[in-house]
Protein chains: 2
Amino acid sequence: MPSRKPAQKDSTSLRKTTPARRSPCPVSCALDLFGDRWTLLVIRDLVFGKTRFKEFTSSPEGIPTNILSDRLERLREGGIIEQVPATEGGKRMAYALTEKGMSLRPILKMLRDWGLQWEDGTRVSLE
Amino acid sequence: MPSRKPAQKDSTSLRKTTPARRSPCPVSCALDLFGDRWTLLVIRDLVFGKTRFKEFTSSPEGIPTNILSDRLERLREGGIIEQVPATEGGKRMAYALTEKGMSLRPILKMLRDWGLQWEDGTRVSLE
DNA sequence: TAAATTCACTTGCGAAATGCAATCAATAAG
DNA sequence: CTTATTGATTGCATTTCGCAAGTGAATTTA
């Protein structure tokens, strides 16, 4: 029989089901989507023009690859990113922000400005 | 002889030492402070005028009390909140945003607006 | 002032998430 | 075809989370 992927996810995968919304509060719902230590850093990288798995892992914070996989999947489910062909006609995929994802840019910008103002020793990357 | 643990704190406490900054990125540093599912909800409650431990626990999301204790302590360490006497002459304490904490209001506001725009069924509380 | 109640946590513990290294299949390059 | 790179997955130890119960001081009530 031909090699096939498991229908969905088995016991070894991170996060089995989509977790329920904690409340109808818009802040709470936003945090349900990207309220953790890594997700907004991936979105930051996307805003910076990164599109490939390897590029995300090479950011200075060093996100573990299993966490990255999980967050990319979660962001895709949440409609914040989508997969597009990395090269014309190629089969490898790259990631891109959707319109919904793009709309997070002002929030990222405010976070950056806040950090620069209140946290000593922070600076924007020079890439 | 058995290898011994670097005697920081005992097994019962949440979070042993202040975790190190992951990178000098201002976004990353901001997330080191409040990048999780609960912290910004506590700040939201403070912005809404709540000041007491019990008030935070009675928010609809239902933060566990041990998590709340941990987050309040973390926010205090980060200079985002401070403790003030709850009543004149009383011994009970209440929590209040510092200037640094107040400066997070626009971020909360953007998160709220983003949620209202992109997440169906969200609404601001009527309290 | 004594008793009852509320408040602000702390503790214990099972479940879930995290972080790390190792591995692997598919694609791309040579 | 052979090798290297990419984009992940797997296993496992450690940490954190979430829930329920407990505790002692502060406040309120009788």
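Every chain is numbered from 1 and lettered A, B, ... according to where its sequence line falls, protein lines coming before strand lines. Treat the numbers as computed from the prediction; the structure is a model and nothing was measured.
- The minimum heavy-atom distance between B:T65 and B:F53, with the atom names listed, is O-CZ, 3.8 Å.
- No side-chain donor from either of B:Y95 and B:E82 sits under 3.5 Å from a side-chain acceptor of the other.
- Note on A:W38: a side-chain N or O is less than 4.0 Å away from OP1 or OP2 of C:dG19.
- When rounded to the nearest whole Å, the span between CG of B:D70 and C1' of D:dC19 equals 16 Å.
- Between C:dA17 and A:R37, no contact under 4.0 Å exists linking OP1 or OP2 to a side-chain N or O.
- Of all the heavy atoms in B:L108 and B:L40, the pair that sits closest is CD1-O, 3.9 Å.
- Going from atom CZ of B:R22 over to atom P of C:dC20 covers 11 Å, rounded to whole Å.
- Atom CD1 of B:I63 and atom C1' of D:dG18 are 11 Å apart (whole Å).
- In terms of position along DNA chain C, the nucleotide closest to A:P64 lies nearer the 5' end than the nucleotide closest to the other residue of the pair A:T87 and A:P64.
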Would you tabulate the pairs of protein nitrogen or oxygen atoms and nucleotide nitrogen or oxygen atoms of nucleotides 4-8 of chain C closer than 3.5 angstrom?
unit_1, atom_1, unit_2, atom_2, d
C:dC7, OP2, B:K54, NZ, 2.7
C:dC7, O4', B:R92, NH1, 3.1
C:dA8, OP1, B:R52, NE, 2.5
C:dA8, OP1, B:R52, NH2, 2.6
C:dA8, OP2, B:K54, N, 3.2

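- Between B:R71 and D:dC17, a side-chain N or O to OP1/OP2 separation shorter than 4.0 Å is present.
- At a cut-off of 3.5 angstrom, the base of C:dT10 holds no donor-acceptor pair with the side chain of B:S69.
- For B:N66, counting side-chain heavy atoms from C-beta on, the closest listed nucleotide (D:dC19, C:dT10, D:dT10) is D:dC19.
- Contacts of A:G62 with the nucleic acid, taken as non-hydrogen atoms under 4.0 Å apart, are absent.
- From one end of the helix from C:dT1-D:dA30 to C:dG30-D:dC1 to the other, with five pairs defining each end axis, the axis direction shifts by 30° (rounded to 10°).
- Rounded to whole Å, atom P of C:dT18 lies 13 Å from atom CG of A:L68.
- Straight-line distance from the CG atom of B:D36 to the C1' atom of D:dT16: 11 Å, rounded to whole Å.
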### Query
For A:L75 and A:I43, what are the C-alpha separation, side-chain angles and deciding distance, and is it a side-chain contact (heavy atoms from CB on, under 4.5 Å)?
CA-CA 9 Å; A:L75 286 172; A:I43 296 171; 4.1 Å; yes

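- Straight-line distance from the CG atom of A:L75 to the P atom of D:dA8: 13 Å, rounded to whole Å.
- Exactly one of B:R21, B:R74, B:R22 qualifies for a side-chain hydrogen bond (donor to acceptor under 3.5 Å, both in side chains) with B:D32. That residue is B:R22.
- When all heavy atoms are compared, the tightest approach of B:C29 to B:S23 is SG-O, 3.4 Å.
- For the pair B:E61 CD and D:dC17 C1', the computed distance is 16 Å after rounding to whole Å.
- In the set D:dT27, D:dT9, D:dA21, the nucleotide with an atom closest to the side chain of A:T65 is D:dT9.
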### Task
Evaluate the criterion side-chain contact (heavy atoms from CB on, under 4.5 Å) for residue pair A:L41 and A:F56; output intermediate values, then yes/no.
CA-CA 9 Å; A:L41 295 183; A:F56 302 131; over 6 Å; no

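- At distances below 3.5 Å, at least one donor-acceptor pair connects side-chain atoms of B:T98 with backbone N or O atoms of B:G79.
- Using a distance-only test at 3.5 Å, with no hydrogens or angles considered, a donor-acceptor pair links the side chain of B:T122 to the main chain of B:G115.
- A side chain to side chain contact (heavy atoms under 4.5 Å, CB included) with B:P26 is found for one member of A:Q117, A:R112, A:R123 and no other, namely A:R112.
- One atom, CZ of B:R74, and another, C1' of C:dC9, lie 17 Å apart when rounded to the nearest Å.
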